[in-house]
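Okay, structure first, notes after.
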Amino acid sequence: MQMVPDFGVFTTVFFYCSLIIVGPVVTFFVVKLILLDGMLGVNNVTSSVWSAILAVIVLHIALGMFIVKAYSDSGKKQESKDDKID
Amino acid sequence: MPLSEEYPVYGPFFGVMGAAAAVIFSSLGAAYGTAKSGTGIAAMSVMRPELIMKSIIPVVMAGIVAIYGLVVSILIASGLSSPSTYSLYRGFVHLGAGLAVGFSGLAAGFAIGIVGDAGVRGTAQQPRLFVGMILILIFAEVLGLYGLIVAIFLYTK
């Protein structure tokens with residue numbers, strides 16, 4: 001009974017942390033290579049700057065999702081903890 | 001090809017130092033923030049292990065400061081080239097961009113570490129402190145974001 005919520009918390013934290021770490025880096029290189037090679041033939045500085053900005057935006061969206069998840073999830077946890085005290 | 005005054009052989013040195021400074025100082029701040037708030041989480045989790053998911057947030061925010069430095073470092077490193085095509089001016093600009101994000105990240109990491117430590121310990125005793133802790137952490141994080149904005153603005157010069 002104790003093992004399952006712990007594993008759930010670990011899975012959630014692991015998912016969001018990997019999203020926050022991998023997401024911006026993948027976004028940076030995918031956007032830069034697609035902008036450079038594929039669709040638009042913009043020059044190096046412009047594509048780098050725009051992919052950096054997009055990477056930071058993706059980073060903050062992932063962070064916001066994690067904060068919302070942590071905030072809403074521990075509200076549920078609070079009630080289950082009250083049950084355990086009884 | 002003889003190197004002129006505007007394109008000296010040591011021109012890329014400044015750009016390389018900028019790329020290094022960006023990631024070194026940001027990582028220094030992120031390491032301090034992670035370690036300082038990590039001790040708070042470890043002390044708090046002994047009594048309130050159900051709050052771990054909430055308490056991880058300062059660690060994640062400290063990691064984000066390092067990602068700022070990484071992004072600027074990649075930007076500068078992709079702009080480096082051999083001395084014959086890399087002017088001294090660009091070297092200075094890249095050094096300034098790296099130092100801007102590096103020291104801002106250092107400051108943000110210190111703030112996140114101290115706030116995270118105290119905030120996580122306080123949240124264990126008064127859960128309503130959580131919103132305040134998040135707000136203070138966001139304001140600390142924004143210091144690093146300012147450095148990133150200035151660095152990207154400098155990089156485009």
Side-chain angles (χ1 to χ4, degrees), chain A residues 2 5-6 8-25 27-29 31-33 36 43-60 62-85, chain B residues 22 30 34 41 45 47-81 90 93-94 97 101 123-124 127-128 130-131 133-135 137-138 141-142 144-145 147-149 151-157:
Chain A
Q2 185 69 20
D6 270 359
V9 167
F10 171 75
T11 314
T12 313
V13 170
F14 187 78
F15 170 72
Y16 280 100
C17 286
S18 55
L19 189 70
I20 285 169
I21 292 172
V22 175
V25 178
T27 309
F28 182 86
F29 285 108
V31 168
K32 183 168 162 57
L33 294 181
L36 258 184
N43 66 349
N44 197 15
V45 171
T46 315
S47 75
S48 295
V49 167
W50 277 109
S51 46
I53 290 171
L54 280 174
V56 170
I57 288 173
V58 165
L59 179 68
H60 283 92
L63 176 68
M65 282 163 59
F66 179 66
I67 290 177
V68 167
K69 176 75 179 169
Y71 193 64
S72 60
D73 217 35
S74 48
K76 260 187 304 180
K77 282 277 156 58
Q78 199 80 7
E79 290 171 14
S80 71
K81 182 191 149 282
D82 285 345
D83 289 351
K84 214 162 67 180
I85 280 176
Chain B
T34 306
I41 294 170
S45 307
M47 298 309 290
R48 301 285 299 272
E50 73 274 8
L51 284 178
I52 285 181
M53 178 129 162
K54 269 184 171 180
S55 316
I56 292 291
I57 288 175
V59 173
V60 172
M61 286 193 154
I64 283 174
V65 169
I67 295 181
Y68 291 161
L70 178 73
V71 165
V72 172
S73 191
I74 290 173
L75 275 184
I76 295 173
S78 73
L80 286 170
S81 55
R90 279 181 72 198
V93 163
H94 286 174
V101 77
T123 306
R128 285 156 76 186
F130 180 71
V131 178
M133 182 185 79
I134 293 295
L135 270 178
L137 280 175
I138 286 172
E141 176 83 36
V142 158
L145 190 65
L148 178 78
I149 291 169
I152 288 179
F153 197 62
L154 275 177
Y155 179 78
T156 57
K157 288 289 170 196

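Treat the numbers as computed from the prediction; the structure is a model and nothing was measured. Note on naming: letters A, B, ... go to the chains in the order of the sequence lines (proteins, then strands), and numbering restarts at 1 for each one.
Using a 4.5 Å heavy-atom cutoff, the side chains of Leu75(B) and Phe28(A) are in contact. At a threshold of 4.5 Å between non-hydrogen side-chain atoms, the residues Val25(A) and Leu70(B) count as touching.
Heavy-atom distances place the side chain of Leu145(B), and not its backbone, under 4.5 Å from chain A. Heavy atoms closer than 4.5 Å to chain A are found in both the backbone and the side chain of Ile57(B). Neither the backbone nor the side chain of Ile149(B) comes within contact range of chain A; no heavy atoms are under 4.5 Å apart. The contact between Val49(A) and chain B is made by backbone and side chain atoms together, counting heavy-atom distances below 4.5 Å.
Among residues 59-66 of chain B, the residues having any heavy atom closer than 4.5 Å to a heavy atom of chain A are, in sequence order, Val60(B), Met61(B), Ile64(B).
To the nearest 0.5 Å, the span separating CD1 on Ile56(B) from OG1 on Thr12(A) amounts to 12.0 Å. Here the CD1-OG distance, from Ile152(B) to Ser48(A), works out to 10.0 Å after rounding to the nearest 0.5 Å.
Considering only residues two or more places apart in sequence or on other chains, Val131(B) meets the side-chain contact (heavy atoms from CB on, under 4.5 Å) condition with Tyr71(A).
Nearest approach of Lys54(B) to Ala70(A), heavy atoms of both residues: CG-O, 3.9 Å. Contact record, Ile67(B) with Ile20(A): CD1-O, 3.6 Å, taken as the closest heavy-atom pair.
Listed options Ile52(B), Ile138(B), Val72(B), Ile74(B) were ranked by heavy-atom pairs under 4.5 angstrom with chain A; first place goes to Ile74(B).
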